[in-house]
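When a residue number appears, it is its place in the shown sequence, counting from 1. Order of listing sets the numbers, starting from 1, for every ligand and every atom in it. A quick note: this is a predicted structure, and the numbers were derived from the prediction, not measured.
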Amino acid sequence: MATEASYDAVVVGAGFAGMYMLHRLRRVGLSARVFETGDGVGGTWYWNRYPGARVDVPSLSYSYSFSDDLQQDWCWPETYSSQEELEKYANHVADRFDLRPDIQLGTTVVGADYDEAANRWTVRTDRDDLVTARFLITAAGCLSATNVPDFPGLESFGGTWYHTSRWPKEPVDLSGLRVGVIGTGSTGIQAVPVIAEQAAHLYVFQRTPNYSLPTGNRPMDPEVEREWKARYDEHRDLDRNSYAARHVPLPAHAALDLDRDERDRIFEEAWYEGAFAMMQAFKDLRTSREANETAAEFVRRKIRATVKDPEVAELLCPKDYPIGTKRLCLDSHYYETFNRDNVTLVDVRTHPIEEITPSGLRTSAAEYQLDVIVFATGFDAMTGPLLRMNITGRGGLTLGEKWEYGPRTYLGLSIAGFPNLFTITGPGSPSVLASMITCIEQHVDLIADTIVHLDQAGLETIEATTEAEDAWVAHVNEVADATLYKYANSWYLGSNIPGKPRVFMPYTGGFNVYTARCNEVVANDYEGFALA
Ligand code: FAD
Ligand code: NAP
């Protein structure tokens, strides 16, 4: 039902960011309305129901820390939770903190304009709500705007197609069907082994091979859970003070200091430990190209040893970018899947997909008959959800105009020309390079504290200065340039979306460094912001 109302804040999105933002706003006595496109809460974990969806950060760490009762009460059955378990957790949080009355589901924000005379945002939705608010807070996610490539002929396809992040709630039965999966990022790599078990035949259309490591998932060890819960504060502090918001001790030794046998022995142990342990096996894998190559080559040898057909194995081996410079993937028997008789790997780098046909898909080399096409083709990451919202700031400047050549923010949180707009985990913050719930909590706490500060000081507005924004953008680029990330074409750079400006979007300087900088900004009386 359409409403006309006014609030202290409008929050866009009811994933982990939007839900915690609402909770914090209420705790400081502010009124808020949350709009969410989905019919349920949980964001990523509401939408991504594709077979095999699972987190890649241990759940004891990838969970809210703001309530000790919550973290003590909640029991994760597995070390790396499935989508179902994370969605259940999100719903539990919504009920436990009575968030639902202020969340309007099934509603997309389609426009937000800043009214300079009134110092308020006017927000419009696809259900004709027209509401005003002093603050506009985007919790729209970094990976929520789906990317379905513009292949000619999709509308003519006679079968069924799905994007992995819009997978239906009802069970999808793929048994006896010819299925094509397009995309071999983290999502495709998780989905392929599960789909292969059902489909009559599975074609995997690969443009770029990815490095994938075995997931470390196992049933939760009650001893580990007890230990974490007894020392939860210490674990959280370690995470908050770490580079990726997830504490993993780095060894003192460098890969190149050891001979190959000794190095391989250490890689082998880490490989069986699972998750990202391999990338932490030596201190220099993320900084030295030569050291990184020893890890990359170790993974290639694993692929060659696993996949029986040497040509298929070679095609699966990433060779033209360092390991860890695109998001690393975790899998359950991905490479083994290519030994099945009902699975075919198709190289669409050499022979690109030209069109979707009524009965399947045609590459420049061959035609494939398909009943189902699964687009595991990722997202218009980070900027996508913000630009799709049609935000207009001072002087009628749209966010699209402001970001024509790529995103510009101060701390990934605030944009010059867009007063009282906060972007949780926006471009220019560590976000997707770190464990995200920890990043979300840091941003939400900072935003809530800032609003309290404004109120206590009798101030109306806060906005990044252009100088601070320019300096931050320059800093984000400078630190990214000093890393190995520049050697990969990835969605971090926007290179998965045709026409998107190539700008490295997340902050690579480290979550701990970033947090220290935010604390310094606040201590220096909100340095870099104009308060009025
Ligand atoms: P989201 O969960 O994306 O929620 C944003 C919400 O905003 C969405 O529900 C969307 O519908 C809504 N929205 C957007 N625009 C509008 C609009 N205009 N109007 C109304 N609603 C809108 N991170 C990790 O740290 N570790 C992981 O292992 C991990 N695994 C992931 C696996 C997958 C498959 C994906 C896609 C992402 C993963 N991530 C992971 C990143 C994940 O997105 C974050 O960890 C976290 O869930 C983000 O929460 P959020 O609330 O910021 O955004
Ligand atoms: P992604 O990493 O962007 O992968 C998309 C895949 O689709 C890539 O293989 C890409 O190839 C391919 N593709 C895109 N357009 C194509 C085209 N026109 N033709 C052929 N192939 C095309 O997306 P994702 O796998 O959904 O993952 C996105 C992010 O979500 C991850 O990086 C991660 O941060 C998060 N995630 C995490 C997990 C987890 O384990 N917890 C699981 C899923 C997702 P190119 O590489 O050549 O562009």
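In terms of N/O distances under 3.5 Å, ligand 1 is approached by Trp47. Between Ile440 and ligand 1, no pair of N/O atoms sits closer than 3.5 Å. Ligand 1 has no nitrogen or oxygen under 3.5 angstrom from a nitrogen or oxygen of Arg54. Backbone and side-chain nitrogen or oxygen atoms of Asn48 are examined, and none is located within less than 3.5 angstrom of a nitrogen or oxygen of ligand 1. At under 3.5 Å, a nitrogen or oxygen of Asp56, whether backbone or side chain, sits near a nitrogen or oxygen of ligand 1. Remark: ligand 1 and Phe16 share an N or O pair separated by less than 3.5 Å (distance only, no angle test). The distance criterion of under 3.5 Å between nitrogen or oxygen atoms is met by Val109 with respect to ligand 1.
Within the 4.0 Å heavy-atom criterion, both parts of Ser186, backbone and side chain, lie near ligand 2. Counting heavy atoms under 4.0 Å from ligand 2, residue Leu143 touches it through the side chain alone. Only side-chain heavy atoms of Tyr50 come within less than 4.0 Å of ligand 2; its backbone N, CA, C and O stay farther off. Of all the heavy atoms of Ala376, the ones lying under 4.0 Å from any atom of ligand 2 belong exclusively to the backbone. At a 4.0 Å heavy-atom cut-off, ligand 2 does not touch Phe205 at all.
Rounding to the nearest 0.5 Å gives a distance of 11.5 Å between CG of Leu238 and CG of Asn512.
Proximity to Gly183 (heavy-atom distance under 4.0 Å) selects the following atoms of ligand 2: 6 (C), 7 (O), 9 (O), 12 (C). Set against the non-hydrogen atoms of Met389, the atoms of ligand 1 under 4.0 Å away are 18 (N). Close contacts of ligand 1 with Ala139, meaning ligand atoms under 4.0 Å from a residue heavy atom, involve 5 (C), 6 (C), 7 (O). Within ligand 2, counting atoms from 1 as listed, the ones closer than 4.0 Å to a heavy atom of Phe151 are 17 (C), 18 (N), 19 (N). Close approach to Val57 involves these atoms of ligand 1, each under 4.0 Å from a residue heavy atom: 26 (N), 28 (O). Taking every heavy atom of Ala434 and a limit of under 4.0 angstrom, the matching atoms of ligand 1 come to 25 (O).
In this structure, Lys326 is positioned above the aromatic face of Tyr321, its NZ or CZ under 6.0 Å from the six-membered ring centre and within 45° of the axis. At least one test fails for Arg502 against the ring of Phe504: distance under 6.0 Å to the centre or angle within 45° of the axis. Cation-pi geometry between Arg327 and Trp491 is not met: the NZ or CZ atom fails to fall both under 6.0 Å from the ring centre and inside 45° of the normal.
Taking all heavy atoms of Tyr46, Trp45, Tyr80 into account, the minimum distance to atom 30 (N) of ligand 1 is reached by Trp45. Of all the listed residues (Trp491, Tyr80, Tyr321), Trp491 holds the heavy atom that lies closest to atom 28 (C) of ligand 2.
Residue contact check for ligand 2: Arg349 places no non-hydrogen atom closer than 4.0 Å to it. Remark: distances from the non-hydrogen atoms of Ser435 to ligand 1 include one below 4.0 Å. In this structure, Thr184 counts as a contact residue of ligand 2, since one of its heavy atoms falls inside 4.0 Å of the ligand. Using a 4.0 angstrom heavy-atom cutoff, Gln206 does not count as in contact with ligand 2. Taking 4.0 Å as the cut-off, Phe375 does not count as a neighbour of ligand 2 on heavy-atom distance. Within the 4.0 Å heavy-atom shell around ligand 2 one does not find Leu330.
Note on Arg349 versus Asp320: salt bridge recorded, some NZ/NE/NH1/NH2 to OD/OE distance being below 4.0 Å. Here Glu314 pairs with Lys319 in a salt bridge; the nearest charged N to carboxylate O distance falls below 4.0 Å.
Although no hydrogens or angles enter the test, the distance criterion places no donor-acceptor pair under 3.5 Å between the side chain of His351 and the main chain of Ser364.
Under the 6.0 Å cut-off for aromatic ring centres, Phe97 and His92 do not qualify, their centroids lying 6.0 Å or more apart. Annotation: Tyr507 is not in aromatic contact with Phe511 [ring centroid separation under 6.0 Å not met].
At most 12 non-hydrogen atoms from other residues, nucleotides or ligands lie less than 6.0 angstrom from NZ of Lys88.
Annotation: atom 4 (O) of ligand 1 to nearest protein heavy atom, Gly43 CA, 3.5 Å.
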